[in-house]
Amino acid sequence: MSILIDENTKVVVQGITGHDGSFHTRGMREYGTQVVAGVTPGKGGLDLEGVPVFNTVAEAVRETGANASVIYVRAPFAPDAIREAAHAGIELVVAISEGIPALEMARVLREVTPLGTRVVGPNSPGLISPGKCKIGIMPGAIHAPGKIGVVSRSGTLTYEMVWQLSQHGLGQSTCIGIGGDPIIGTCFLDVLRLFKDDPDTEGVVLIGEIGGSAEEEAAAYISQEMRKPAIGFIAGRTAPPGKRMGHAGAIISQGRGTADEKVRALEAAGIAVARVPAEVGPLMKQALGAA
Amino acid sequence: MSILIDENTKVVVQGITGHDGSFHTRGMREYGTQVVAGVTPGKGGLDLEGVPVFNTVAEAVRETGANASVIYVRAPFAPDAIREAAHAGIELVVAISEGIPALEMARVLREVTPLGTRVVGPNSPGLISPGKCKIGIMPGAIHAPGKIGVVSRSGTLTYEMVWQLSQHGLGQSTCIGIGGDPIIGTCFLDVLRLFKDDPDTEGVVLIGEIGGSAEEEAAAYISQEMRKPAIGFIAGRTAPPGKRMGHAGAIISQGRGTADEKVRALEAAGIAVARVPAEVGPLMKQALGAA
Amino acid sequence: MNVHEYQAKEIFGRHGIHVLEGRVVRTAAEARQAAAALGGPVVVKAQVHTGGRGKAGGIKLASGPEEAEAKATDILKLSIKGFPVRKLLVTPAVEIEHEYYVGAILDREDGLPLMMVSGEGGIDIEEVAAKTPEKIHKLHFDPDHGLRAFQARELAHKIEPNGRQALGIATLLVKLSKAFLAAGASLAEINPLVRCADGTFLALDAKLNLDDSEVALRKDLEALRDPDGSGGHTDKAREFGLSYIPLEGDIGCVVNGAGLAMATMDLVKHFGGDPANFLDIGGSSSPAKVVAALEILTADKHVRVILFNIFGGITRCDHVAEGIVAALEQTHIELPIVVRLTGTNEGRGREILEESGAAIFAGTMEEAVQKAVALAAGTEVKG
Amino acid sequence: MNVHEYQAKEIFGRHGIHVLEGRVVRTAAEARQAAAALGGPVVVKAQVHTGGRGKAGGIKLASGPEEAEAKATDILKLSIKGFPVRKLLVTPAVEIEHEYYVGAILDREDGLPLMMVSGEGGIDIEEVAAKTPEKIHKLHFDPDHGLRAFQARELAHKIEPNGRQALGIATLLVKLSKAFLAAGASLAEINPLVRCADGTFLALDAKLNLDDSEVALRKDLEALRDPDGSGGHTDKAREFGLSYIPLEGDIGCVVNGAGLAMATMDLVKHFGGDPANFLDIGGSSSPAKVVAALEILTADKHVRVILFNIFGGITRCDHVAEGIVAALEQTHIELPIVVRLTGTNEGRGREILEESGAAIFAGTMEEAVQKAVALAAGTEVKG
């Protein structure tokens, strides 16, 4: 099994006729993903290598039964694309687009969440259930089917970690990049809950970064609710301190947000933290053996 | 019994130190309403003839347990007052204020309805459960406790009808003026549902006006769901036709909205319609006898 | 409040909607100059606060300046549905490829603004709506943000098969919804919206109705009011916060509350009389308002009797009585005044009037109306 | 993106927040003129993109024009936290009755903007927050409308016991929230907000941080960028869509993705090396971007080795390889280049580089970093 997407997921690609959209549509189909429709406003009626193109997501859903969408449109138009997908009844919207202003994303999420739509991203590499379905831009070949769930705020760092896992024979149930922006839809906690309930996920790798307090909250959740082994990695231990967000930033962060603080929180929750990417595989093997 | 308000209702008056607010606070207290608090921003700490004044509704609720509010503040500030009451957890907000732009009222209702707040009005005379509680501006003396529920889009026309009923010995369970504005909170249907379920309401008087299609919908509801006798009255049979709302008005009204159409709809639903106000009492007596 | 076509176009234009350059003129000579300045054939359009201008002869095509002057002369003589034509809009004539209907309105039943569109616009749109309602497409939109771009595309693709042209309509719909919200309007309509030979879209006509409550709070909207748009009486009424509509009858009605005012007029008719007006003195009355109401009614030469029907709530009966007495002191009113006063401060109001001996009392609305009808018919009535 | 105090004040002022009239100057002579024009005692304030100016000697009181010139001379010699002072703001000195703290920030955990206020403002606000958190009051607000008037009053009454003055603060809070939203900001802060002797409220300082994504979409915000605010390298980086932060080390890093870039730097440190920079070439790479990245790194004289760590997704390994080859063709690069390429079009990328023979290959991130560290240390490494 896997979470969120599998061989039955039917994907509509928003922005399918664009540069990135058409390139990655090909990549997704080569991986075996059911790409049932594309949407580009004003270009309805086209056929893109066998994928029918519609003017609106509503029409695409009506005609093809698409239940997931992936968004490759540019930042100025991406919020409207997410709204359109949600109002058309799409359950899972994967927003690859980067550069969406954070406040606008806050507005979008406030509007679409009550509609029952789950947004992954924005600024996300997407997600993949190896061997079943890939939605996004990650290189499919580095993944292997298996029982490790991977959740990450990064893009390419996730590929690195997945590649490490695969090299050690640790296949993945589902790998999700939740996106690196300040305001995102699906968060660590949401994904951890799904991995917890997925019988085929036996261990979890959590890849964090400096900034925010999502890793600290994830650590608290894992220590209280998860019975599955988890391995952490935090990027940015040696990063220069970010530009100060005035006093307000200091007041709300209350000292959280540094790599050291995140590592401490994870270790306090009993989660082994890899010091270098190459440690992730061995640590996970060790944890699975001990579990 | 009665609907919405009774002797246990605790009222906070928003705009209590204003001209209308102070005048009608006196009127409500003389009638026996539990006015537990007043709110005027910046004037917290005052005591108005024994009623404590607070800066915010939240504080008034915290300190006095108020569960209903009545709003006498002027139109530019009334939307904020309604929002404040709803966010402070007030269940019933009675908006007397007139002149709130309809679009702004649409925004207000969209925001406060999910909070579980019922708004009566705006541009409403308020509501009264005779002998128990009066919230609003109606002259209390014309009412009598009893078993007739009255719901109306008008202000003074309601007084006229209630006075007619009282003259005929037909007391009222609750009388509600839902307000004459295009966009209002509680509508005919909402009130009819409450009257239907109130064991002590034995008959209903529905007072409508030209414009909109609320009376037509009420007629349909009464014929399908209500087992209690109902009497109707429609004002505006001889009114000059309103200014045309372009083609759009004609397209959405589809011929509904005239007094004749409303009378037809009510009569088709088996509801006797009084031709003149003086007929309401006799018609209700007749209907109660037949029921 | 209605605004004129030229004003609506100015507002729509400010929101990026393509409208024709036009000139507002008040005389036939100005119409000639305007046509000359614009060049080519023009359309001369009456600017009045009512629909049906075309059928009434208020819109004419003219091939050039001379014909424009002649047509303007004709149109300026018209009175359309009681509105004398005092202004004209002169615009270039355009080649039309297709006519659409687009309009935004506040849907009071659902409490949200609604966008309506049709691929079959023009003067017969109401017939289209009645006979083939499936050709009208509707979508509610957010009262904060207006129509979302994706919603606009959904509507536009339903009325225009060509993808590129549908996107042009969608862009316009978003702008129209924003103009509607920015003006706090109750209606913003373009009929017809036309597609020109070059593929652009143009608002050939424009209609904008404003929410009176919004106008009362905003100076920019109040400035759009046409002083010529209605008679002097309603201006005075507005100044004093009275809602006044003159009619043809002889019984001048002064009532508090719109519903009771309509019910009073209905009752006048019921008893065989004819109301001279609708006049609602509103909620929080003052003596000054009552004086103003009496001045407006006595200025109407048709009025033979004045009928007060007051059921006090916020309105205080003593204020109304004081107003009547004050008006009688200021001006000599010969007309009989029938007064019904019930509700807040009723006793004090009666006292004031009884002291002055100015009015004929009635205990009920029925009695008051019957007395007024009899007086208007010339029958003797006892006070 | 940070903007200067004087720019923030201009924006806040446009939203109706009371700010002191001030003059932005670049020389001590101009500071003298500004002080003379303003009259009375003035405050001379360094305009740099960092906090802690006061403690660093960047804010000085001057009794008049001459002292203002002297203070300006001193401040213009300063470099505060690495930012040389190039502009000064000269404002009148004011009598302060009380200092408050007010700030709006985007709360990423709850996904909503947050207003924070305290009755104890000033430079010690962070200590107040740490030691007596109950003195900081917070309320989320609507990202469309800003703080509602009633929310503003709830906050204001908590930090100011006087009713009338609390209403003054409440009005200001609504304006601050609207300024925050209108600028698409990540932070809008006034510390201290001061109450003057006459009971008015004044933004004595102002801080505004913008969302880079918002800036990228809006010309009005881009115009606020200070060309003096940072070195020439980051301007070039921005032009090519690169995210670049120079550091002190000698290993120039070129990575795709911020997370992998940080992990690469961490690994450099782990193996005893010292990164010369953070450089993320971003998602959709092109050869031109890679050329620009190499130009920036080779301009940094500390750099002794260049390390590419590319894991292709949207980034195509062949594009990166083409960029390296193009850069080598355009300019002579003497530095060793260690390259790790994995992912999308990896095979083609390797081919291109192998043909040119320009780079030292590494199969893994660890191997690449180790080779780079060894090269920087002067150890021989085999390609």
Side-chain angles (χ1 to χ4, degrees), chain A residues 19-20 24 27 75-76 96 98-107 109-110 125 136-139 142 152-160 163 180-183 207 209-214 217 233 235-240 243-252 254 259 275-278, chain D residues 2 49-51 101 103-109 111-114 116 125-126 129-130 136 143-144 181 184-187 189 191 207 209 211 213-214 216-217 245 247 255-260 262-263 265-270 275 278 283-284 310-315 342-344 364-366:
Chain A
H19 180 266
D20 289 346
H24 290 289
I96 307 300
E98 57 184 319
I100 301 177
L103 265 171
E104 180 61 7
M105 199 58 214
R107 294 185 191 106
L109 290 174
R110 205 175 52 140
I137 60 174
M138 67 286 289
I142 59 171
S152 169
R153 276 166 70 185
S154 302
T156 47
L157 178 55
T158 316
Y159 311 162
E160 180 68 42
W163 188 72
D181 278 4
I183 303 288
I207 302 157
E209 280 178 17
I210 50 170
S213 62
E217 285 161 23
F233 182 83
R237 294 182 186 211
T238 61
K243 286 159 198 157
R244 268 170 61 95
M245 288 287 278
H247 296 289
I251 293 171
I252 69 161
Q254 299 280 15
R275 313 282 303 177
V276 301
Chain D
N2 283 314
H49 285 317
T50 182
Y101 169 87
I105 193 168
L106 182 61
D107 175 1
R108 42 196 290 177
E109 307 311 326
L112 286 174
L114 184 74
M116 297 194 284
I125 183 65
E126 288 177 35
I136 311 275
D144 287 316
L181 294 180
S186 44
L187 171 83
E189 189 176 70
N191 187 37
K207 193 162 183 60
N209 289 350
D211 177 344
S213 297
E214 184 82 20
L217 301 178
I245 301 171
L247 297 168
V255 190
N256 66 325
L260 189 60
M262 287 193 287
M265 292 159 67
D266 291 351
L267 203 61
V268 167
K269 280 266 188 189
H270 181 80
F278 168 95
S284 43
I310 303 296
F311 211 125
I314 277 195
T315 308
T342 308
T344 309
T364 69
M365 177 168 165
E366 272 77 8

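Below, read A as the first sequence line, B as the second, and so on, with proteins coming before strands; counting in each chain starts at 1. Since the structure is predicted, the reported quantities are computational estimates derived from the model, not experimental observations.
- For Asp181(A) (side chain) and Ile183(A) (main-chain N/O), no donor-acceptor pair under 3.5 Å exists by modelled atom type.
- Only the side chain of Ser154(A) comes within less than 4.5 Å of a heavy atom in chain D; its backbone stays farther off.
- Taking chain A as the reference chain and counting heavy-atom pairs below 4.5 Å, the highest number among Gly343(D), Gly312(D), Pro275(D) is found for Gly312(D).
- No other option in Glu209(A), Arg107(A), His19(A) has as many heavy-atom pairs under 4.5 Å with chain D as Arg107(A).
- Your options are Ala185(D), Pro143(D), Ala258(D), and the one with the most heavy-atom pairs under 4.5 Å with chain A is Pro143(D).
- With 3.5 Å as the limit, one finds a donor-acceptor pair spanning the side chains of Asp266(D) and Thr238(A).
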Q. Are Trp163(A) and Thr364(D) close enough, and set up right, to give a side chain to side chain contact (heavy atoms under 4.5 Å, CB included), and what steps lead you there?
A. CA-CA 10 Å; Trp163(A) 188 72; Thr364(D) 69; 3.8 Å; yes

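- In this structure, the side chains of Leu114(D) and Ile105(D) come closer than 4.5 Å at one or more pairs of heavy atoms.
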Q.
Walk me through whether Ile207(A) and Leu157(A) qualify under side chain to side chain contact (heavy atoms under 4.5 Å, CB included).
A. CA-CA 8 Å; Ile207(A) 302 157; Leu157(A) 178 55; 3.7 Å; yes

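- For Pro113(D), the part lying under 4.5 angstrom from a heavy atom of chain A is the side chain only.
- Of the two parts of Ile142(A), only the side chain, counted from C-beta on, holds a non-hydrogen atom closer than 4.5 Å to a non-hydrogen atom of chain D.
- Closest non-hydrogen pair, Glu189(D) versus Tyr101(D), comes out as OE2-OH, 2.5 Å.
- Your options are Pro76(A), Ala102(A), Pro182(A), Gly136(A), and the one with the most heavy-atom pairs under 4.5 Å with chain D is Pro182(A).
- For Ala216(D), no part lies under 4.5 angstrom from a heavy atom of chain A.
- The main-chain N or O of Leu106(D) is never found under 3.5 Å from a side-chain atom of Ser186(D) such that the two would form a donor-acceptor pair.
- Comparing Arg237(A), Arg153(A), Glu160(A), Met138(A) by how many heavy-atom pairs each has under 4.5 Å with chain D, the most go to Glu160(A).
- Both the backbone and the side chain of Glu214(D) come within contact range of chain A, judged by heavy atoms closer than 4.5 Å.
- Across Met365(D), His270(D), Glu366(D), Lys269(D), the residue that shares the most heavy-atom pairs under 4.5 angstrom with chain A is Glu366(D).
- Ile310(D) does not touch chain A: none of its heavy atoms, backbone or side chain, sits under 4.5 Å away.
- Counting only distance, with no hydrogens or angles, the side chain of Asn256(D) and the backbone of Phe311(D) share a donor-acceptor pair below 3.5 Å.
- We find the CD1-CD distance between Ile100(A) and Glu104(A) to be 8.5 Å, quoted to the nearest 0.5 Å.
- Across Asp144(D), Leu267(D), Leu217(D), the residue that shares the most heavy-atom pairs under 4.5 angstrom with chain A is Asp144(D).
- Using a 4.5 Å cut-off between heavy atoms, Pro277(A) touches chain D through backbone and side chain atoms alike.
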